[in-house]
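Report on one structure; see the data block that follows.
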There are 2 protein chains.
Amino acid sequence: MAKILASKNGTKKDAITQKAAGLFRKKGFASTSMRELAESIGVEASSLYNHIGSKNELLQTVCFKVANDFTVSLDAVEKKEVSTISKLQEVIRFHIEMMLNNHNEVYVANHEWKQLREPFLSNFLLQRNSYEGRLVEIIKTGIKKKELKSIHPNIAVLTILSAVRSVEFWQRKKNNINSKELEINIIDHLINGLIK
Amino acid sequence: MAKILASKNGTKKDAITQKAAGLFRKKGFASTSMRELAESIGVEASSLYNHIGSKNELLQTVCFKVANDFTVSLDAVEKKEVSTISKLQEVIRFHIEMMLNNHNEVYVANHEWKQLREPFLSNFLLQRNSYEGRLVEIIKTGIKKKELKSIHPNIAVLTILSAVRSVEFWQRKKNNINSKELEINIIDHLINGLIK
DNA sequence: CCTACCGATCGGTAGG
DNA sequence: CCTACCGATCGGTAGG
């Protein structure tokens, strides 16, 4: 009866995926039923299958879209001939903006990737490990050039990647997040610390 | 047939809860069935209900045990008459050690609390907000005393609480984590930054 | 502790 | 896009 509204510039599949990301974030992938998803769109559950292959495919679409965005962004950062600090600032800024602009999708990629089926699960972890490894290299270079002090590169990368997720908490809180202030504070904290 | 082995110093309920925490972490709460949990213990699913009330109750037990541990620890920190930096170091250290020593439980409390039923869900969030608020106060005091530079206290707290979760990633990686090295690096990063 | 079982709900398909 | 439906699995209970 009610047709699925294609989101502007998108297919019906895109519209379904977007709704799915919102529900997966709010309730978790396993706790979201296809009937709920259908209802939130205004059709019967069986109608969804004219546009998508399976529930798990929706999760795959979300997770790999996010992973790809981060990879593309890091490609660009690596090519720039700027200081290590600048590169790290840019990486952190990109993470923060991704979380603010694609809240549902990034959250789902961060929290629900475990529900991916093989071979997608392995593929996703491979991409993530690669991303982390490239950040480790940036930090190692920075240490060699004396731009950074001598810290443990792997620990620093995981600390940064975790810290940046604090943005998740701001969506649930104060309505009006000043994203510039968030960025400045987090970047300054992670690079300069809390003293002086 | 096979009796549930009571863990040393614990009831059968404790043994079940511990197994549940491991499965909830590995697969997620919603994706773990009571039949799986029973099988991992070596009994039939129905036998579990002689020791526990419901699946959700297992989650409640895990989440509130963790929340309580953090609250008790913060109580002690607040009472100490030491510098703000020392207090923050102690808080960070406690988080890291909790994640290393009670990996499954802390992970579940961090990732699966959304599956809590009311009124437990509201209660859990209340406790978490209170914990965060008390950390904010510590930081505000530190700024007032010029022990910390003038940063946004709420952002700093969420950054610290998120950063500390990087420890999660170390369980899945290198087998032998040197916990002291982890602690020193993360604390130094969050307090002194990456430079000099 | 087990066997036997219940009602509900799940993802997905057939067929139009 | 819908109706009608399937087999599987779920959390949990009855009764011993």
Side-chain angles (χ1 to χ4, degrees), chain A residues 1-7 10-24 26-63 108 112-118 120-121, chain B residues 1-7 10-24 26-63 108 112-118 120-121:
Chain A
M1 195 73 79
K3 294 271 175 75
I4 295 173
L5 290 186
S7 53
T11 63
K12 290 170 183 177
K13 179 171 174 173
D14 292 336
I16 296 171
T17 306
Q18 201 178 342
K19 278 279 189 187
L23 286 171
F24 293 168
K26 259 175 262 173
K27 317 196 34 168
F29 174 77
S31 298
T32 301
S33 74
M34 295 303 277
R35 284 160 175 82
E36 272 181 287
L37 173 58
E39 191 182 19
S40 84
I41 292 173
V43 297
E44 293 301 317
S46 59
S47 302
L48 297 173
Y49 291 90
N50 292 308
H51 305 286
I52 63 159
S54 70
K55 184 188 180 187
N56 206 267
E57 185 197 277
L58 287 171
L59 182 61
Q60 293 156 24
T61 304
V62 172
C63 288
V108 168
E112 301 293 333
W113 57 266
K114 276 187 185 180
Q115 310 292 337
L116 248 18
R117 290 212 193 109
E118 292 293 0
F120 305 99
L121 179 59
Chain B
M1 196 73 79
K3 294 271 176 74
I4 294 174
L5 290 185
S7 51
T11 63
K12 291 171 183 178
K13 180 172 176 173
D14 292 335
I16 295 172
T17 306
Q18 201 178 343
K19 278 279 188 187
L23 286 171
F24 293 168
K26 259 176 259 170
K27 318 198 32 168
F29 173 77
S31 297
T32 302
S33 73
M34 295 303 276
R35 283 159 176 82
E36 272 180 287
L37 173 57
E39 191 184 19
S40 85
I41 291 173
V43 297
E44 293 302 316
S46 60
S47 301
L48 297 173
Y49 291 90
N50 290 307
H51 305 286
I52 63 160
S54 70
K55 185 187 180 188
N56 206 267
E57 184 195 279
L58 288 170
L59 182 60
Q60 292 156 26
T61 304
V62 173
C63 288
V108 168
E112 302 293 333
W113 57 267
K114 275 187 186 181
Q115 311 293 336
L116 248 17
R117 290 213 192 110
E118 293 293 358
F120 305 100
L121 179 57

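The sequence lines fix the lettering, A, B, ..., with proteins before strands; numbering per chain opens at 1. These figures come from a predicted structure and were not determined experimentally. The figures here come from the full heavy-atom set of this structure, side chains too, leaving out hydrogens, waters and symmetry mates.
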Distance check needed: [N] [atom2] versus [X] [atom1], whole Å only.
{"X": "A/Glu36", "N": "C/dA8", "atom1": "CD", "atom2": "C1'", "value": "14 Å"}
{"X": "B/Leu37", "N": "D/dT9", "atom1": "CG", "atom2": "P", "value": "18 Å"}
{"X": "A/Gln60", "N": "C/dG11", "atom1": "CD", "atom2": "C1'", "value": "15 Å"}

Sequence neighbours excluded, every pair satisfying salt bridge (Lys or Arg N to Asp or Glu O under 4.0 Å) that has a member inside [range]:
{"range": "residues 46-56 of chain B", "answer": "none"}
{"range": "residues 42-54 of chain A", "answer": "none"}
{"range": "residues 27-42 of chain B", "answer": "B/Lys27-B/Glu36"}

Nucleotides 12-16 of chain C: which of its N/O atoms have a protein N/O under 3.5 Å away?
residue : atom : partner : partner atom : Å
C/dG12  : OP2  : A/Tyr49 : OH           : 2.8
C/dG12  : OP2  : A/Lys55 : N            : 2.8

message: Pair A/Leu59, A/Phe120 - check side-chain contact (heavy atoms from CB on, under 4.5 Å), show working.
response: CA-CA 10 Å; A/Leu59 182 61; A/Phe120 305 99; over 6 Å; no

statement: Note, DNA chain D 5' to 3' with Watson-Crick or G-U pairs under 3.5 Å encoded as ( ), [ ], | and . gives ||||||||||||||||

message: If you compare every side-chain N and O of B/Ser33 against the phosphate oxygens of D/dT9 (OP1, OP2), does one of them come in below 4.0 Å?
response: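 Result: no.
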
field: Sidechain-backbone polar pair: A/Glu112 side chain, A/Phe29 backbone, donor-acceptor under 3.5 Å
entry: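 Answer holds: yes.
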
message: Applying side-chain contact (heavy atoms from CB on, under 4.5 Å), can you list everything that pairs with B/Lys13, at least two apart in sequence or on another chain?
response: B/Thr11, B/Thr17, B/Ile52, B/Glu57, B/Thr61

